[in-house]
Amino acid sequence: MTTPNGGYEGRVALVTGGSDGIGAATARRLAAAGAAVAVNYHSDDAKAENIVKELIGDGARAVAVKADVTDAAACRDLVARVGAELGPVDVLVAVASGLYVHDVPVVPFPDTDWESAERIVGRRLKAFHFPVAAVLPGMYERGSGSIVVVGSTLSRVPAAGMVPISMAHAAVDAGVRALAREAGPRGVRVNAVAPNFILTPANEFLPEAFKAMVAERSALGRNGRAEDVAEAVAFLAGDAASYLTGAYLVADGGTSML
């Protein structure tokens, strides 16, 4: 059980996309709060192992588990492997979107071919559906669990040239709300954190002028950091938010003021 002050002692957390960026920051935050952390990753073995070594060095129980979150069988195997090595999953943080920066081109809608749009929406929904479907049976059996999906403000504050990814994130938001209603009576909370542009290694190549423009639009006058999102996730996933489910927590420095 978590402690009254929101710690995660005795809990097992699975973070998809946990080897870099927001996922890695979340893994560190939950491990620091006492959770045993499974770091899921797609391809970079060295990066994942480095994060796990860091967590173990800081006194946490941690393991790296390679799996494609857009594959149903791989997700079922992922949850089984985490269970065997750390214990049943109490907290799922779904960070991995199934997409990379180069997968989401900025293209006017009339020039967006259906195959590209279908791939973007499909992979984003798979990255939500399959990990969640894999952890829910165990959570239902135990009568408790917490799921936090990291989405994007693009679902409600769209950008020109990015219609498919906005549709994809909006669909995930709807899924979070619907699942929160369905899973609540079974003791499982489901919430979403919606960041805007966040500085991570994956987007460090973007022009400094773009980063400065985003920072200027923020009410706080700076770009978001992965650690900012991790704090929001840790709040929603823990007992401090025990009466929150179906929530959409915006982490964008006041840019959108939703």
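Hydrogens, waters and symmetry mates play no part in the numbers below; they use all other heavy atoms, side chains included.
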- From R119 atom CZ to D113 atom CG, the distance as rounded to the nearest 0.5 Å: 11.5 Å
- Query: Between P164 and T112, which heavy-atom pair has the shortest distance, and what is it?
  - Reply: CG-CG2, 3.8 Å
- Message: For V229 versus I198, what's the shortest heavy-atom pair and its separation?
- Response: CG2-CD1, 3.7 Å
- Got a donor-acceptor contact below 3.5 angstrom from the S146 side chain to the A237 backbone? yes
- Note on the structure: CZ (R186) and CD (E141) are apart, to the nearest 0.5 Å, by 10.0 Å
- Task: Test R28 against E54 for side chain to side chain contact (heavy atoms under 4.5 Å, CB included), laying out the working first.
- Result: CA-CA 9 Å; R28 293 186 182 101; E54 176 187 334; 2.6 Å; yes
- Message: Counting neighbours of CZ on R81 that are heavy atoms of other residues, nucleotides or ligands and sit closer than 6.0 Å, is the number greater than 12?
- Response: yes
- Task: Keeping the roles fixed (side chain from N191, backbone from G246), state whether a donor-acceptor pair exists under 3.5 Å.
- Result: yes
- Query: What are the two closest heavy atoms between P105 and I120, and how far apart are they?
  - Reply: CD-CD1, 4.4 Å
- Query: Would you say V233 and V150 make side-chain contact, with heavy atoms under 4.5 Å?
  - Reply: yes
- Task: Examine distances only and state if a side-chain atom of R123 and a backbone atom of L99 form a donor-acceptor pair shorter than 3.5 Å.
- Result: no
- Message: Does atom OH (Y243) have a neighbourhood of more than 12 heavy atoms from anything else shown, all under 6.0 Å?
- Response: no
- Item | Y41 versus T16, side-chain donor and acceptor atoms under 3.5 Å | no
- Query: Between the side chains of S155 and D173, is a donor N or O closer than 3.5 angstrom to an acceptor N or O?
  - Reply: yes
- Message: Looking at every heavy atom in both A60 and A35, which two are closest together, and how far apart are they?
- Response: CB-O, 4.3 Å
- Item | Short side-chain to backbone donor-acceptor contact, N223 and L199, under 3.5 Å | no
- Any chance you could lay out the side chain to side chain contact (heavy atoms under 4.5 Å, CB included) test for N196 and V214, step after step, and finish with the verdict? CA-CA 9 Å; N196 63 340; V214 175; 4.2 Å; yes
- Heavy-atom check, side chain of L125 versus side chain of V172, under 4.5 Å: yes
- Task: Give the C-alpha distance, both sets of side-chain angles, the deciding distance and a yes or no for side chain to side chain contact (heavy atoms under 4.5 Å, CB included) between D90 and R142.
- Result: CA-CA 9 Å; D90 301 296; R142 296 185 299 278; 4.1 Å; yes
- Within 45° cone of F235 ring axis and under 6.0 Å: R29 NZ or CZ: no
- Could you tell me the separation between the OG atom of S218 and the CE atom of M213, rounded to the nearest 0.5 Å? 12.5 Å
- Task: Mind running side chain to side chain contact (heavy atoms under 4.5 Å, CB included) on K66 and H42 for me, showing each step along the way?
- Result: CA-CA 6 Å; K66 188 175 186 176; H42 182 266; over 6 Å; no
- Task: Find the distance between CZ (R225) and CD1 (I22) and round it off to the nearest 0.5 Å.
- Result: 13.0 Å
- Task: Answer whether the closest heavy-atom distance between the side chains of V91 and V93 falls below 4.5 Å.
- Result: yes
- Neighbour count above 12 (heavy atom, 6.0 Å) for E216 CD: no
- Query: With the 4.5 Å side-chain cut-off for hydrophobic clustering, are L136 and V89 part of the same group?
  - Reply: yes
- Message: Do V39 and V65 make a side-chain contact, defined as non-hydrogen atoms from C-beta onward lying under 4.5 Å apart?
- Response: no
- Message: I'd like to know whether OH of Y140 has more than 12 heavy-atom contacts from other residues, nucleotides or ligands below 6.0 angstrom.
- Response: yes
- Query: Honestly curious: do L14 and Y8 fall in one hydrophobic cluster under the side-chain, below-4.5 Å linking rule?
  - Reply: no
- Task: Indicate the atoms forming the closest heavy-atom contact of L249 with A232, along with that distance.
- Result: CD2-CB, 3.8 Å
- Any donor and acceptor pair, going by atom type alone, linking the side chain of D58 with main-chain N or O of L55 inside 3.5 Å? no
- Query: Would W114 end up clustered with V163 when hydrophobic side chains under 4.5 Å apart are linked, directly or stepwise?
  - Reply: no
- Query: If you measure from the Lys or Arg side-chain nitrogens to the Asp or Glu carboxylate oxygens, is any gap between D228 and R222 under 4.0 Å?
  - Reply: yes
- Query: OG/S19 to CG/N40 distance, rounded to the nearest 0.5 angstrom?
  - Reply: 8.0 Å
- Where the side chain of R189 meets the backbone of L236, is there a donor-acceptor pair that is under 3.5 Å apart? yes
- Query: Are L92 and F130 linked, directly or through other ILVMFWY residues, by side chains that come within less than 4.5 angstrom of each other?
  - Reply: no
- With the side chain counted from C-beta on, respond yes when Y248 and V176 share a heavy-atom pair under 4.5 Å apart, and no when they do not. no
- Kindly say whether A194 contributes a backbone atom to a donor-acceptor pair with the side chain of R156 at under 3.5 angstrom? no
- Under 3.5 Å, side chain of D44 to main-chain N/O of K47, donor-acceptor pair present? yes
- Query: Do V12 and V69 share a hydrophobic cluster, counting only Ile, Leu, Val, Met, Phe, Trp and Tyr and linking them when any side-chain heavy atoms are less than 4.5 Å apart?
  - Reply: no
- Query: Hey, are the side chains of I147 and V188 touching, using non-hydrogen atoms and a 4.5 Å cut-off?
  - Reply: yes
- Give the minimum heavy-atom separation between S256 and V157, together with the two atoms involved. CB-CG2, 3.6 Å
- Query: Is the side chain of R61 donor-acceptor paired with the backbone N or O of L86 at a distance under 3.5 Å, no angle test?
  - Reply: yes
- Query: Does A73 offer a backbone N or O that forms a donor-acceptor pair with the side chain of D77 under 3.5 Å?
  - Reply: no
- When rounded to the nearest 0.5 Å, the distance separating CE of M167 from CD1 of I165 is 9.5 Å
- Hey, does V52 have a side-chain heavy atom less than 4.5 Å from the side chain of V63? no
